[in-house]
Every structure is written in structure tokens, then in C-alpha cells.
Amino acid sequence: MEKTLLLIKPDVVARNKTGEILARVEKEGFAILGLKHLLLSPQEAELFYGIHRGKEFFEELIAFITSGPVIVCCLGRENAVRYLQEIVGDTNPSEAKPGTLRAIYGTDMHRNGVHIASPDENPSREVHFFFSTRELCS
Ligand code: CMP
């Protein structure tokens, strides 16, 4: 079973939408292998989003993602990385297809509902940024 990471962003957690999102991913056939509720420090956020360091939106991204608690979730399924990308939709909520998580829960480019591991980067690094092997039940 392939593993991937889903992070529910602070504004969505504050709006009490976590349960809806977890229900949706379970309905889509994902198993929840690991789940944490945490507040990222600026240092942790800068490390996690290190690939974006130096981009013009980096500082705002770090300020937003550390503005309140997030939910991080390790999800397992066949073809998990690409399938999650399909149900989450475009990074920009205004470009996301109707019914995708970002179309439903996103507001703008920063408040885009959720972050997911990209197939072009390193999904395993993102999972293990938050979870040790023994924390992941399968
Ligand atoms: P996320 O999947 O969390 O990964 C990095 C985040 O940076 C992205 O979603 C957006 O919320 C945010 N962001 C802001 N501006 C941009 C941009 N121009 N391109 C990509 N991501 C951006």
C-alpha cells in the first residue's frame, strides 16, 4: 500500500472541517495510518516547506501555516500519491475542479484548504517529517 501525506491548514481546522475531510478521504478508499494535531514552529515550517525558500510567497506561507494548529495525516491506498492529488485539485482553489477538496474548502492561494505531498517531490520525506515508522499503523 502506498503512503502519502495530507495536511489540513489552520483556517480549515479552526472552521471544524477536519471530520468532513477525513470522512471524504476514507470514502475515497484511503486508510488513515497516522494522525496528529499540532502547531508548527516557524523553524519546522521553514524546514518542511524548504523547497519554496526564496520564493516571493515564502514568508506569507510560513506566517499562515504557523498561525494555528494543523492536522497532519498519513494516508494509505493503492496509487495514493496521484489519487490524492486528483481529489484535492489545483493549488489555486479558483482553478480547482468542482468537488475537489480545494474547490470546497479553499479560499485563495494561501488558504487553499490542504497541503499534500507532490509526486514530483518526495512523498516519503513528507510522511517521515511528521511520523516515525512505528507511529504508522498498517
Ligand atoms: P501547498 O500545497 O501548501 O504548498 C505550498 C503553498 O504555497 C501552496 O500550497 C500555496 O498555499 C502557497 N502558495 C502561495 N503562492 C503560491 C504560488 N504562486 N505557487 C505555489 N504555491 C503558492
Side-chain angles (χ1 to χ4, degrees):
M1 182 163 48
E2 188 174 75
K3 296 183 181 72
T4 193
L5 184 86
L6 170 73
L7 180 155
I8 306 177
K9 295 196 176 184
D11 59 321
V12 179
V13 174
R15 280 157 46 209
N16 294 332
K17 300 296 182 189
T18 299
E20 282 180 26
I21 293 178
L22 295 182
R24 169 74 184 274
V25 294
E26 284 191 315
K27 198 170 154 204
E28 297 281 355
F30 287 94
I32 297 172
L33 305 177
L35 189 66
K36 290 184 182 180
H37 185 208
L38 47 87
L39 180 61
L40 288 170
S41 69
Q43 292 76 11
E44 287 169 323
E46 286 178 11
L47 205 56
F48 180 68
Y49 276 124
I51 194 163
H52 297 299
R53 190 183 290 277
K55 296 182 184 167
E56 37 88 24
F57 59 85
F58 187 67
E59 283 182 17
E60 196 179 338
L61 170 62
I62 300 306
F64 171 57
I65 210 71
T66 58
S67 65
V70 297
I71 299 282
V72 288
C73 189
C74 175
L75 298 175
R77 186 191 188 281
E78 189 184 329
N79 198 24
V81 178
R82 291 203 181 269
Y83 190 73
L84 187 61
Q85 196 179 33
E86 268 181 43
I87 68 164
V88 162
D90 197 279
T91 305
N92 185 346
S94 65
E95 305 280 318
K97 286 187 193 150
T100 58
L101 292 178
R102 283 182 176 141
I104 298 169
Y105 299 102
T107 309
D108 58 36
M109 197 64 158
H110 281 287
R111 284 157 188 74
N112 64 348
V114 299
H115 165 82
I116 54 167
S118 163
D120 306 325
E121 290 152 27
N122 187 344
S124 174
R125 178 197 85 90
E126 293 205 12
V127 168
H128 290 290
F129 187 91
F130 291 109
F131 298 97
S132 66
T133 303
R134 72 172 297 279
E135 289 174 317
L136 297 175
C137 310
S138 50

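Whatever order the structure lists ligands and atoms in, that order sets their numbers, starting from 1. Note that the numbering runs from 1 along the sequence shown for the chain.
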Taking 4.0 angstrom as the limit and counting only heavy atoms of [X], give me the atoms of ligand 1 inside it, by number and element.
X: Tyr49; answer: 1 (P), 3 (O), 4 (O), 5 (C)
X: Leu61; answer: 6 (C), 7 (O)
X: Arg102; answer: 2 (O)

**Report entry** Contact with ligand 1 for Glu121, non-hydrogen, under 4.0 angstrom
**Finding:** no
Report task. Return yes when Phe64 approaches ligand 1 closer than 4.0 angstrom through a heavy atom, no otherwise. Result -> no
In terms of residue, atom name and distance, what is the protein heavy atom nearest to [atom]?
atom: atom 9 (O) of ligand 1; value: Asn112 ND2, 3.1 Å
atom: atom 2 (O) of ligand 1; value: His115 ND1, 2.9 Å
atom: atom 11 (O) of ligand 1; value: Met109 O, 2.5 Å
atom: atom 7 (O) of ligand 1; value: Phe57 CE1, 3.4 Å

Query raised in the report: Under the side chain to side chain donor-acceptor pair (under 3.5 Å) test, which residues partner Lys97, sequence neighbours left out?
Result: none
**Report entry** Evaluation steps, side-chain contact (heavy atoms from CB on, under 4.5 Å), between Glu121 and Glu126
**Finding:** CA-CA 9 Å; Glu121 290 152 27; Glu126 293 205 12; 4.1 Å; yes
Query raised in the report: Are Lys36 and Glu135 close enough for a salt bridge, meaning some N to O gap below 4.0 Å?
Result: yes
Query raised in the report: Out of curiosity, Glu46 CD to Leu40 CG, how far, rounded to the nearest 0.5 Å?
Result: 11.5 Å
Query raised in the report: Relative to ligand 1, is Lys9 under 4.0 angstrom through side chain, backbone, both or neither, heavy atoms considered?
Result: side chain
**Report entry** Structural part of His52 in contact with ligand 1, heavy atom criterion under 4.0 angstrom
**Finding:** side chain
Query - Check against side-chain contact (heavy atoms from CB on, under 4.5 Å), Leu33 and Phe131 - result: CA-CA 10 Å; Leu33 305 177; Phe131 298 97; over 6 Å; no
Query raised in the report: So, is Thr91 polar-close to ligand 1, with some N/O to N/O distance under 3.5 Å?
Result: no
Query raised in the report: Rest of the hydrophobic cluster containing Val114 (Ile/Leu/Val/Met/Phe/Trp/Tyr, side-chain heavy atoms under 4.5 Å)?
Result: Leu6, Ile8, Val12, Val13, Ile21, Leu22, Val25, Phe30, Ile32, Leu35, Ile71, Leu75, Tyr83, Leu84, Ile87, Val88, Leu101, Ile104, Tyr105, Ile116
Query - Residues Asn92 and Ser94: side-chain donor-acceptor under 3.5 angstrom - result: yes
**Report entry** Hydrophobic cluster identity match, Leu136 and Phe48, side-chain contacts under 4.5 Å
**Finding:** yes
